[in-house]
Amino acid sequence: MMGPAHSLSGAAAWLGVGAGAYALDHAMPWPVLVTGALICAGAALAPDLDHKAATISRAFGPVSRWMCEVIDKLSYAVYKSTRGAGDPRRSGGHRTLTHTWLWAVLFGGGAAAVCVYGGRWGVLAVLFVHMVLAIEGLLWRQARVSSDVLVWLLGATSAWMLADILDKPGNGSSWLFTEPGQQYLWVGLPIVLGALVHCIGDALTVSGCPILWPIPLGRKRWYPVGPPKAMRFRAGSWVEVKVLTPIFMVCGGVGAAAALGFFG
């Protein structure tokens, strides 16, 4: 899928988690709901770090373009060294390492560790990165016609404001993980979820997605998981734009309402 659909699906997924948390008596304070949705929207772009033409490659100027090149080469090297007898030869690393459950867990766990051990500046760094990505994904038309500096300033301002709000008592810095020193540990959850939602979205497209790696399926270690080929679509096609995008928006709205208790 394309960047906007990935981000919308990520935000909708976290709002759905918020609805589930409310039903299980672990209701999210509204700052956690909003911040988590934005983090998840940004994290849903992150697996495309292996693709130099993806939305994320433009998000941080030369730094993100360089990172995409490095991750692409790393992913390709991992693919070559671990592919099974049934896996095809390929010339690049797109939709390999960063499109797996293992990458999602490691990425989310690393971000949570930065928040827990990095103090306020660690939290701000994680929030800043994901706020910029959320802007690039959710407001992609506006982001493309704006300067990078303007997007970065908006991301930094949003990160600072949200951190200040979350730090206030009862606003959610210790949501779900309540032991001393576990503030912001929950931030890893929307990051893992966003990456997994990205992989599920890509699995619906023609190429499928090796989300289960390194678990082998038959003779393939990089098995492209997906529905029957007749049910798949091409990225950017009318199915994504006219069908899935509205569905993500409606599901996100319903999830938000449920998470905030509007349905009783």
Side-chain angles (χ1 to χ4, degrees), residues 7-46 59-60 107-139 142-143 149-195 197 249 251-264:
S7 285
L8 271 175
S9 65
W14 183 255
L15 294 171
V17 169
Y22 182 87
L24 295 172
D25 294 326
H26 287 288
M28 296 179 185
W30 72 263
V32 172
L33 187 68
V34 172
T35 305
L38 291 173
I39 292 173
C40 203
L45 296 181
F60 300 98
F107 205 70
V114 170
C115 289
V116 171
Y117 298 109
R120 179 175 176 82
W121 290 108
V123 172
L124 288 172
V126 172
L127 289 180
F128 168 70
V129 168
H130 289 87
M131 293 307 108
V132 170
L133 292 179
I135 293 166
E136 292 282 353
L138 298 174
L139 302 176
Q142 293 81 355
V149 174
L150 183 60
V151 173
W152 299 339
L153 286 174
L154 181 56
T157 302
S158 301
W160 192 276
M161 291 175 61
L162 290 170
D164 276 348
I165 294 170
L166 287 165
D167 278 340
K168 289 182 170 56
N171 275 6
S173 63
S174 297
W175 175 74
L176 198 60
F177 301 97
T178 57
E179 295 299 318
Q182 293 184 345
Q183 292 87 349
Y184 292 104
L185 187 58
W186 62 267
V187 167
L189 299 178
I191 294 175
V192 173
L193 180 62
V197 167
M249 295 175 70
C251 289
V254 172
L260 294 172
F262 283 102
F263 297 140

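Everything numeric here is computed off the predicted structure, so don't read it as measured data.
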Item checked: Closest non-hydrogen atom pair between Gly36 and Pro190, with its separation -> O-CB, 3.6 Å
Notebook entry, point to check: Do Trp152 and Phe128 have side chains that get closer than 4.5 Å, going by heavy atoms?
Noted result: yes
Margin query: Does any part of the side chain of Leu127, heavy atoms only, come nearer than 4.5 Å to the side chain of Val123, both counted from C-beta?
Written below: yes
Check: Short question: side chain of Trp175, backbone of His26 - any donor-acceptor pair under 3.5 Å?
Finding: yes
Checklist line | Leu260 and Tyr22, any side-chain heavy atoms less than 4.5 Å apart | finding: no
Notebook entry, point to check: How long is the span from the OG atom in Ser7 to the CG atom in Leu45, to the nearest 0.5 Å?
Noted result: 3.5 Å
Notebook entry, point to check: Would you say Gln183 and Val116 make side-chain contact, with heavy atoms under 4.5 Å?
Noted result: no
Checklist line | Minimal non-hydrogen separation, Trp186 against Ser173, with atom names | finding: NE1-O, 3.5 Å
Next item on the list: Taking the side chain as every heavy atom from C-beta outward, state whether Leu38 and His130 have any pair of such atoms under 4.5 Å apart.
Entry: no
Margin query: Please give me the minimum heavy-atom distance between Val132 and Ala59, naming the atom from each residue.
Written below: CG1-O, 3.9 Å
Note to self: What I'd like to find out is whether the side chain of Trp14 reaches to under 4.5 Å of the side chain of Met28, using heavy atoms alone.
What the structure shows: yes
Next item on the list: Kindly compute the distance separating OG1 (Thr35) from CG (Leu166), expressed to the nearest 0.5 Å.
Entry: 4.5 Å
Margin query: With side-chain contact (heavy atoms from CB on, under 4.5 Å) as the criterion, how do Phe177 and Leu189 come out once you've worked through the C-alpha distance, each side chain's angles and the decisive distance to 0.1 Å?
Written below: CA-CA 11 Å; Phe177 301 97; Leu189 299 178; 4.2 Å; yes
Margin query: Using every non-hydrogen atom in the two residues, find where Ala256 and Leu33 come nearest and quote the distance to one decimal.
Written below: O-CD2, 4.3 Å
Notebook entry, point to check: Any side-chain heavy atom of Phe107 within less than 4.5 Å of one from Val192?
Noted result: no
Next item on the list: Please report the closest heavy-atom contact between Val197 and Ala13, naming both atoms and the distance.
Entry: CG2-CB, 3.7 Å
Next item on the list: Compare all side-chain heavy atoms of Leu133 with those of Phe60 and state whether any distance is below 4.5 angstrom.
Entry: yes
Checklist line | Residues Gln182, Leu176; criterion side-chain contact (heavy atoms from CB on, under 4.5 Å); working and verdict | finding: CA-CA 9 Å; Gln182 293 184 345; Leu176 198 60; over 6 Å; no
Notebook entry, point to check: Looking only at heavy atoms, which two atoms of Ala19 and Gly255 are closest? And how far apart?
Noted result: CB-O, 3.7 Å
Please report, to 0.1 Å, the donor-acceptor pairs under 3.5 Å made by any side chain of residues 155-165, with sequence neighbours excluded.
from: Thr157; atom 1: OG1; to: Leu153; atom 2: O; distance (Å): 2.8
from: Ser158; atom 1: OG; to: Leu154; atom 2: O; distance (Å): 2.8
from: Trp160; atom 1: NE1; to: Asp164; atom 2: OD2; distance (Å): 3.3
from: Asp164; atom 1: OD1; to: Arg120; atom 2: NH2; distance (Å): 2.8

